[in-house]
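Just so you know, these numbers use all the heavy atoms, side chains as well, and skip hydrogens, waters and symmetry mates. Order of the sequence lines sets the chain letters (A, B, ...), proteins ahead of strands, with each chain counted from 1.
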There are 2 protein chains.
Amino acid sequence: MATIYEVSKLAGVSLATVSRVMNNNTNVSDATRKKVTVAMTQLGYRPNSIAQSLASNCSNSVGLLVSELQGPFYGPMMSGIETAFRKQSKHVIIAAGHSDEEREQQAIEFLISRNCDGLILHVEAISDDYLIELSKGKTPFVLINRYIRELASRCIILNNVKGGYLAAKHVLEQGHTNIAYISGPLWKQDAQDRLAGHKQALAEHNISFNEQLLYQGDFMEDSGTAGFQHLYNGNSKFTALICANDEMATGAMASARESSLILPEQLSIMGYDNVFFTRHVYPPLSTVNYPINEMGQMAANWILSEVYKKTTPALQTLFEPELVVRQSIITNPQ
Amino acid sequence: MATIYEVSKLAGVSLATVSRVMNNNTNVSDATRKKVTVAMTQLGYRPNSIAQSLASNCSNSVGLLVSELQGPFYGPMMSGIETAFRKQSKHVIIAAGHSDEEREQQAIEFLISRNCDGLILHVEAISDDYLIELSKGKTPFVLINRYIRELASRCIILNNVKGGYLAAKHVLEQGHTNIAYISGPLWKQDAQDRLAGHKQALAEHNISFNEQLLYQGDFMEDSGTAGFQHLYNGNSKFTALICANDEMATGAMASARESSLILPEQLSIMGYDNVFFTRHVYPPLSTVNYPINEMGQMAANWILSEVYKKTTPALQTLFEPELVVRQSIITNPQ
DNA sequence: ACATAAAATGTAAGCGCTTACATTTATATC
DNA sequence: GATATAAATGTAAGCGCTTACATTTTATGT
């Protein structure tokens, strides 16, 4: 592999000049620039990005930590991020945290030890304190789907209260009054917010929240199954079930079917996230859209702007959910 | 950030010694090793991986090129790969090729320019010739889901003929004789192979292949929709439809339902890949399992073994598909 | 106790770039 | 044409490590 030294020799200029043309430094005459580029192509020269990184103290890499590499939620997020960065010749190093405090922490340290210039973090288990501490370090990071007051400007979040509200409002407007709810784990902010929105909508319709109709799940499919069973075997009847995410809704649907319920006639179900497979589920699931792809891109823009000082579209921190009506909710149940 | 130099000073040893303890070189006495590690922790020393890479000419990074970061197929693959590598402190740089020749090529060059020690490629559009040429370069790579004779030992593939065979055989054994087929794009090897297996099973059951019942799709959902329409409006009747992947099967199901068919009673459908959402689809889709997670891990092992000279479980190049029976195929249709 | 081999440690030259600073060359001003 | 100024180019010192080779220390055999 040709090095910058050989290029400089062939072109008859100094190392510095070659470096300058690589970095588009303006102080190079057109004539020498041409000499250099010719030499480069002639040698098939490719700059060594490791050496560039060492010398410039900039690795051009950003770390991306997600809970899982698989699953319908993270794909669109990673996709938005990768696209945004590659356009700028930054590369993304991925790691999975598996919603586990220790593994998330390890992953962050791994990414930092890899000299990432910045980090995009979708963490769930790690503590606020750790992140606040981390923010004092020298690697900038942005948080997706997590709000920490002290770090507000770097938290890219969805208005989950509104989302919860929208879901419940829709179901209420279809005439349902007995509505069960499977929440996420309530120590998580987003789970709390969605539930809060839910309650708010109920209140607006003068329906009191029935604790019997609440089940706390964990955002995973199985807890949707368990949640439905629990609710179904309880004393309170319900015509609609709202789940705090689509996975749980899916689990609940399977479970409802096993209890011989006909969907959606005998039970209306609503999800949250608008993960791609909600269209495929039967009946197609009404849900709340989580613009995760856009939020990923925004996170990338944050890094591009704050770390690499690029000009980007205006940074936005709060995103709005939208109701997605499909066919899993019936009107006027009896 | 502390450097190796400061550590060496604090420990009262030379740079080389510090480097040796970092790299677990055996020629270090326990006493000095302790001195050094104490100094390290005292300074909170973290080696600069960029400098390590430059000096050792090994970046400890491997490039992973997939068609899409999203979608159900690649998630498990990336997941298997990331897990395998992080255990060995290698990091993975991801890029998406979007099944486009130019973008795949760009992505490969991007990855190489990032000094990846090795590459894991899931490419679709790029030519065999390009890959053969690439194999003469200095960056080793392994191919997933692609077979090139000249590169056979680095092609990790599924026995697609067998998979196609298994699918058709199952449907035939349930008593179907009029079976439609939506293939993938037939310029792709895997699409060809699946179809070949399909035909083989038909032949074994003495059923001649009806060209009228073949539609060439592109592995995407919409082509399943289009394919069903085409087939349904054709002259040949069929009781079962086999699709060359799950996405197309899903599209076909939606389309069949729009044509007021009751599933699975009036039409049995079979997929391929066993992508996670096939469980959620209704009726749960019978399909053929593609052990993509394992294949990803194997690709990682290949790199670990060939590039990093680690000892790994035996390398395996050919994987076998398995039939997954769920509820989308009925028995003895009339 | 001495020679010899083995183990431990040190020295210093890179790895391939960037960049502050110095120097040279071109351009403008009068 | 001499001078001041700006533009272009060169020089050389790193960036933080690894590693070949040289040197010193320790262990071994007699």
Side-chain angles (χ1 to χ4, degrees), chain A residues 1-40 43-61 89 112-117 138-139 308-309, chain B residues 1-40 43-61 89 112-117 138-139 308-309:
Chain A
M1 200 77 236
T3 72
I4 194 176
Y5 177 72
E6 300 166 43
V7 174
S8 78
K9 244 178 40 183
L10 214 189
V13 299
S14 72
L15 292 188
T17 301
V18 177
S19 176
R20 284 191 191 100
V21 346
M22 276 200 282
N23 297 295
N24 286 314
N25 187 307
T26 48
N27 287 343
V28 180
S29 72
D30 290 351
T32 47
R33 184 179 299 273
K34 178 151 290 173
K35 274 195 298 185
V36 172
T37 49
V38 166
M40 281 175 167
L43 291 169
Y45 171 74
R46 306 219 154 276
N48 179 324
S49 63
I50 302 267
Q52 286 178 317
S53 296
L54 183 60
S56 65
N57 195 28
C58 166
S59 67
N60 283 309
S61 72
S89 291
I112 290 180
S113 81
R114 244 55 198 176
N115 290 74
C116 290
D117 298 327
K138 77 173 190 51
T139 308
Y308 297 112
K309 309 303 176 196
Chain B
M1 200 77 237
T3 70
I4 194 176
Y5 177 73
E6 300 166 43
V7 174
S8 78
K9 253 197 4 207
L10 212 190
V13 298
S14 72
L15 291 189
T17 302
V18 177
S19 176
R20 285 190 191 100
V21 346
M22 275 200 284
N23 297 297
N24 286 314
N25 188 306
T26 48
N27 289 342
V28 180
S29 72
D30 289 351
T32 47
R33 186 181 298 273
K34 178 152 290 174
K35 275 195 298 185
V36 171
T37 49
V38 166
M40 281 176 167
L43 290 170
Y45 171 73
R46 307 219 154 275
N48 179 325
S49 62
I50 303 269
Q52 287 178 318
S53 296
L54 183 60
S56 66
N57 195 29
C58 166
S59 67
N60 284 309
S61 71
S89 290
I112 290 180
S113 82
R114 243 55 198 178
N115 290 76
C116 291
D117 298 326
K138 76 172 188 55
T139 308
Y308 297 113
K309 309 302 176 196

Can you list the residues that meet the side-chain contact (heavy atoms from CB on, under 4.5 Å) rule with A:Ala39, with sequence neighbours excluded? A:Val7, A:Leu10, A:Ala11

side-chain contact (heavy atoms from CB on, under 4.5 Å) partners for A:Arg20, two or more places apart: A:Ala16, A:Thr17, A:Asn25, A:Val28

By side-chain contact (heavy atoms from CB on, under 4.5 Å) - contacts of B:Ser29 (at least two apart): B:Ala31, B:Thr32

Contact between A:Val21 and A:Met40 at the side-chain level, heavy atoms closer than 4.5 Å - yes or no? yes

Heavy atoms under 4.0 Å, any strand shown: does A:Ser49 hit a base, just sugar-phosphate, or nothing? nothing

Identify, with sequence neighbours excluded, every residue that meets side chain to side chain donor-acceptor pair (under 3.5 Å) alongside B:Ser49. A:Asn115

Think B:Ser29 has a side-chain N or O under 4.0 angstrom from the OP1 or OP2 of D:dT26? no

Compare side-chain N and O positions of B:Asn27 against OP1 and OP2 of C:dA8 and report whether any pair is under 4.0 Å apart. yes

Under a 4.0 Å heavy-atom criterion, the protein footprint on nucleotides 11-20 of chain C, written with B, S and -, is B--BBBBBBB

Rounded distance in Å - CZ (A:Arg33) to P (D:dA8): 9 Å

Who passes side-chain contact (heavy atoms from CB on, under 4.5 Å) against B:Ile4, sequence neighbours left out? B:Leu15, B:Val18, B:Ser19, B:Met22, B:Tyr45

